Amino acid sequence: MIMALVRATLARSHLPSACRLPTLFFRRQMSETPQLTASISRLRQSGLLKTQGLIGGKWVDAYDGKTIEVQNPATGELIASVPCMGKTEAADAISSAYSTFSSWSKLTANDRSKRLRKWYDLLLSHKDDLALLITLEQGKPLKEALTEVIYGANFIEFFAEEAKRIYGDIIPPTLNDRRLLVFKQPVGVVGAITPWNFPLAMITRKVGPALASGCTLVIKPSELTPLTALAAAELALQAGIPPGALNVVLGNASEIGDALLESTQVRKLTFTGSTAVGKKLMSGSANTVKKVSLELGGNAPCIVFDDADIDVAVKGTLAAKFRNSGQTCVCANRILVQEGIYEKFADAFSKAVQNLQVGNGLEDGVAQGPLINEAAIEKVERLIKDATSKGANVMFGGKRHSLGMTFYEPTVIGNVNNEMLLCREEVFGPVAPLLRFKTEEEAIHMANDTNAGLAAYIFTQSMPRSWRVSEALEYGLVGVNEGSISTEVAPFGGVKQSGLGREGSKYGIDEYLEVKYVCFGNIKEL
Ligand code: ADP
């Protein structure tokens, strides 16, 4: 009975995304642990525990005083309450971003670059506090959270540099008395909606190129993990990003989303999250014909060929599958193993999975934290039940972890086929389904047999095969003999229903720029 109540309490995403009532039975039964008290006091001292939205450079509550509780998924404890804002606050944030656009976009690229660089320095000098915040509100192990802070900060550094390299063109004219120029200009106000799995990096990946190109923003972070976003915004203010250039509103997702969609002042929407919400936002953008970038769900195949180096394949697959408890859109969703290496790989991989220590991310040695909420764990259970009812077998794990809460055992499932729900849906959990294949052609067919097209991985020691297969995969990112490939210097994004546009790299800044052609005519010849 108590576990049922706990589960109901933690099922945050079962509730509508409007502000939730503070009926948290489980949390109220617990007193704050000394670990949380110490963490909160440390964050308060560093000035990074911000619990209000940011509009026009001012920290503000929801106008009607409503709040949302932010919980630690590892313990169920309340970390903080943040405002539950809606359309009015969103409208003010949009106005503020709109009025700041004219001044921010007119600064020299060098000036914008210096402020972004300062922000990068501040993110790095506060990396331990930011990592602590990420682990507290998101659950990933502290070491992984620190990696996210560095990865996230790198986008700001990269785009601080890129700000100075937004070049136009001069086109050879078709008539002698003309000169044809191409300008690149900032799009304008950007609405950025981000998910909970990378509370910092999904924000910096959007804000970096937007600010670098001269755009201003209204950010709506996930209500599950808003504290990291607010802390990053505080550091942006300290770095000299002017009030109004970067606004943060949070609360009622659909109200805020609608305000962004309906506004003619918002010229671009950038979103990372589920395919279902992405489709809604794409169709909602049609009315005002906004530029749209979408980074949506994946269904990553990880193909291990007979000629793979088994150690490299096990290590790479482990990284591609279990990072962030399997909760990333580039996580391996289907592990396709060629029949000649299947048994050997399955054995070595299961042994490696057995060594993953599950626990509270603040504890030493933990490699896998909790899932984000009860809905996530129920999805994993549903998909495993479907697979085992159709003939798959659990090789390791396959149930909730004895730690309770939303901890789930790292799991390996054998004899999976591409028709099982485990392979049709994005698992977003620590479950590695193994599928057998015979030929390279079959593997490519299986890999591409999905509407998603974000990341794919292949393990082979054959150079010709790695070229052939990389080219045949209908995916935006391909890792060859490597399971961890994201970096700020390379383009990240999907094909098919995994999204539109690219983030990071020189390509990422184009998403925030308009191309303007200017024709100078009647230039008299000498
Ligand atoms: P996930 O299932 O990974 O949480 P979602 O797509 O639901 O992914 O959430 C990603 C982001 O989209 C979050 O910030 C969430 O609040 C926001 N969101 C969810 N529904 C809407 C909506 N109708 N309009 C705008 N934003 C939304």
Side-chain angles (χ1 to χ4, degrees), residues 10-20 53 68 70-71 73 82-87 89-91 93-94 137-140 190-203 205-207 217-230 248-263 266 268-288 290 292-299 324-331 333 371-380 406 425-429 452 454 494 497-499:
L10 292 172
R12 292 180 281 190
S13 63
H14 281 169
L15 300 172
S17 24
C19 307
R20 284 143 194 150
I68 319 172
V70 183
Q71 294 169 38
V82 293
C84 182
M85 296 173 157
K87 58 172 184 275
E89 294 88 342
I94 293 167
E137 65 177 350
Q138 200 273 339
K140 69 179 67 170
V190 174
I193 301 179
T194 58
W196 48 264
N197 58 349
F198 289 90
L200 181 70
M202 293 305 103
I203 287 179
R205 196 149 88 163
K206 299 177 187 322
V207 176
L217 299 104
V218 175
I219 305 170
K220 196 211 77 64
S222 167
E223 286 64 40
L224 299 177
T225 56
L227 300 172
T228 310
L230 296 170
V248 186
V249 289
L250 61 157
N252 186 325
S254 57
E255 263 194 37
I256 295 170
D258 288 349
L260 293 171
L261 291 175
E262 284 158 20
S263 168
V266 176
K268 173 173 176 87
L269 194 84
T270 171
F271 170 76
T272 299
S274 64
T275 307
V277 173
K279 285 179 180 176
K280 244 191 242 176
L281 296 175
M282 188 174 172
S283 75
S285 295
N287 215 21
T288 49
K290 289 188 207 316
V292 180
S293 298
L294 302 170
E295 204 267 273
L296 309 177
N299 182 358
N324 204 1
S325 306
Q327 302 173 112
T328 86
C329 45
V330 293
C331 272
N333 207 51
L371 297 196
I372 191 69
N373 59 18
E374 179 63 17
I377 213 163
E378 283 175 4
K379 178 176 188 188
V380 166
T406 52
E425 296 183 26
E426 196 179 19
V427 182
F428 242 61
L454 188 56
Q497 295 187 23
S498 284

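What you see is a predicted model; the values in this text were computed from it and never measured. One-based numbering, in listed order, for ligands and for the atoms of each.
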> Just distances here: any N/O of Thr272 and N/O of ligand 1 closer than 3.5 Å?
Replying inline: no

>> So, applying side chain to side chain contact (heavy atoms under 4.5 Å, CB included) with Ile193, which one of Ile256, Ile219, Val218, Leu260 is it?
In response: Leu260

>> Going by the closest heavy atom to atom 21 (C) of ligand 1, which one wins out of Val277, Thr194, Asn252, Thr275?
In response: Val277

> Which pair of heavy atoms, one from Glu374 and one from Thr406, lies closest together, and at what distance?
Replying inline: N-CG2, 3.7 Å

>> Just to be sure I read this right, does ligand 1 sit under 4.0 Å from the backbone of Phe271, its side chain, both, or neither, counting only heavy atoms?
In response: side chain

>> Distance under 4.0 Å to a non-hydrogen atom of Ile193: what atoms of ligand 1 satisfy this?
In response: 11 (C), 12 (O), 14 (O), 17 (C), 25 (C), 26 (N)

>> List ligand 1 atoms under 4.0 Å from Ser254, heavy atoms only on the residue side.
In response: 22 (C), 23 (N), 24 (N)

>> Looking at Phe271, I'd like to know if the NZ or CZ of Lys220 sits under 6.0 Å from its six-membered ring centre while staying within 45 degrees of the ring's axis.
In response: no

> Considering only heavy atoms of Ser274, which atoms of ligand 1 have at least one such atom less than 4.0 Å away?
Replying inline: 5 (P), 6 (O), 7 (O), 8 (O)

>> Under 3.5 Å between any N/O of Glu223 and any N/O of ligand 1: does that happen in this structure?
In response: yes

> Would Lys87 and Glu262 pass as an ion pair if we require N to O under 4.0 Å?
Replying inline: no

> To the nearest 0.5 Å, how far apart are CH2 in Trp196 and CG in Asn324?
Replying inline: 6.5 Å

> Once you round to the nearest 0.5 Å, how far does OG of Ser274 lie from NZ of Lys280?
Replying inline: 8.0 Å

